[in-house]
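These numbers were taken from a predicted model, which means no experiment stands behind them. Chain identifiers are assigned alphabetically (A, B, ...) following the order of the sequence lines, protein sequences preceding nucleic acid strands; residue numbering begins at 1 within each chain.
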Number of protein chains: 4
Amino acid sequence: MTEQAPRLIDTAALERALEEFAKARDWEQFHSPKNLAMALTGEVGELVELFQWLTEAQSRDAMKDPVQAMRIQEEMADVMLYLVRMASVLGVDLNSAVKDKIESNGLKYPSTRA
Amino acid sequence: MTEQAPRLIDTAALERALEEFAKARDWEQFHSPKNLAMALTGEVGELVELFQWLTEAQSRDAMKDPVQAMRIQEEMADVMLYLVRMASVLGVDLNSAVKDKIESNGLKYPSTRA
Amino acid sequence: MTEQAPRLIDTAALERALEEFAKARDWEQFHSPKNLAMALTGEVGELVELFQWLTEAQSRDAMKDPVQAMRIQEEMADVMLYLVRMASVLGVDLNSAVKDKIESNGLKYPSTRA
Amino acid sequence: MTEQAPRLIDTAALERALEEFAKARDWEQFHSPKNLAMALTGEVGELVELFQWLTEAQSRDAMKDPVQAMRIQEEMADVMLYLVRMASVLGVDLNSAVKDKIESNGLKYPSTRA
């Protein structure tokens, strides 16, 4: 009996949904990794705009305002959609990528706790 | 017996791992949504740099070069880490956010298929 | 008689205009370099969005469409305004900075011409 | 005798220097507006990274540390180089663009001073 390593992140269903969405609209021609990297930039820019004039303390309370909360959720979703779509088109396994990165970060920044 | 809606994305294990990572290094003080939005920007910038001088066709083949593939995976992981950490700190449910966004995109851009 | 080195870029009048603009609206409190770096990100994101689905060839012709031309000009202006305002608040001499960077780029990437 | 409107920004000498620099290295083929928008993104990302973990107060003092000051100057220069190069390739008159944008901002955000 094989044991599976626990997954840190699972994006499989979202990747399928985005692929269908693109196919149904003939958008695959536009979804080169280069273009998707640009789209990702645009969405991150819109997310950053929601926080640019807030203090750090205000940013920690940003979800208390329902209108702002909805905009934050929408922009974070847009960033995720393009990131996952880009990984899917490139064939990047995000779970492996994330696992490797956390491991190497752990070596780079050792825990300061006893 | 209730039936659960299928999840498009599952980030729970990653959120826990990142929270432990931050706690063990006393980094929670730095992880305001404002700061994390900036860190996200920086990582997206590094990802974009890998594609800026490539043609679209070259960008579609970018994973064929093992060195480039590793750099792409690392930068995509960094973007994901900060995005998920930011959602976690804000209390954004990424699965709901993504589901809502795909639905509203579906209304905004109807399928062109018969 | 002293001879002045030719300036590559002159932003003095714009810096004054932006300072007056901020003062007249009591915006100096918001114009920390950190906040301005975020505002710069947001504007670059909006500029990138105008080019994300264009081919490179289409991007070279982007100014031929008057509506698109106006949007490009507006977004480039926004990027410049925040970049110059940020330099002004920090006390960065953009002309010196640019001159130094071109020199070091010249050493890093020697001309390929005979 | 005609009187010239005062310029807010003068980038003519820098545009010429960057054009010569690109020509001498056969880089004009890479300098599509699309690619330059991506390069601009990358440089903004590097600039933002210098401020992401600083408080706003610390960001206002960032130039007091000579090492940090040099890095900030370098990254601001890189952003300016790509912004001006992009304007030059597109044929955008940055002085006009900036003048128009300040005027429209003035209408959008009236002065709060008596």
Which atom of A:His31 lies closest to which atom of B:Arg60, heavy atoms considered: O-NH1, 3.7 Å
Best-contacting candidate, A:Met70, A:Glu15, A:Met63, A:Gln73, against chain B by heavy atom pairs under 4.5 angstrom: A:Met63
Shortest non-hydrogen separation from B:Ala97 to A:Ala77 and the atoms involved: O-CB, 3.4 Å
Which atoms of A:Ala87 approach chain B - backbone, side chain, both or neither, heavy atom under 4.5 Å: both
Option that, when pairs with chain A are counted at under 4.5 Å, heavy atom only, ranks first among B:Glu74, B:Arg16, B:Met76: B:Met76
Best-contacting candidate, A:Ala62, A:Pro33, A:Ala13, A:Ala12, against chain B by heavy atom pairs under 4.5 angstrom: A:Pro33
Side chain / backbone / both / neither for A:Glu49 at chain B, heavy atoms under 4.5 Å: neither
Side chain, backbone, both or neither of B:Gln29 within contact of chain A (heavy atoms, under 4.5 Å): backbone
Chain A interface, residue from B:Val92, B:Val84, B:Leu50 that has the most non-hydrogen pairs under 4.5 Å: B:Val92
Salt bridge (charged side-chain N to carboxylate O under 4.0 Å, His left out) contacts touching residues 21-46 of chain A (sequence neighbours left out): A:Glu19-A:Lys23
Contact origin within B:Leu18 toward chain A - heavy atom pairs under 4.5 Å: side chain
Donor-acceptor pair between B:Asn35 and A:Glu56 side chains, under 3.5 angstrom: yes
Heavy-atom pair count under 4.5 Å with chain B, highest-scoring of A:Val44, A:Asp61, A:Leu83, A:Val48: A:Leu83
Test side-chain contact (heavy atoms from CB on, under 4.5 Å) applied to A:Asp10 and B:Ile9, step by step: CA-CA 6 Å; A:Asp10 189 340; B:Ile9 188 168; over 6 Å; no
Rounded distance [0.5 Å steps], OG1 in A:Thr11 versus CG in B:Leu8: 10.5 Å
Proximal component of A:Gln52, with respect to chain B [non-hydrogen, under 4.5 Å]: backbone
Region of A:Leu94 that comes under 4.5 Å of a non-hydrogen atom in chain B: side chain
Side-chain atoms of residues 101-109 of chain A: list all donor-acceptor pairs with protein atoms under 3.5 Å, sequence neighbours left out, distances to 0.1 Å.
unit_1, atom_1, unit_2, atom_2, d
A:Lys101, NZ, B:Asp78, OD1, 2.7
A:Lys101, NZ, B:Asp78, OD2, 2.9
A:Ser104, OG, A:Lys101, O, 3.2

Winner by heavy-atom pair count (cut-off under 4.5 Å) against chain A, out of B:Leu90, B:Leu36, B:Val89: B:Leu90
Residue part contacting chain B, namely of A:Met38, when any heavy atom lies under 4.5 Å: neither
Non-hydrogen atoms of B:Ser59 and A:Ser32 that approach each other most closely: OG-CB, 3.8 Å
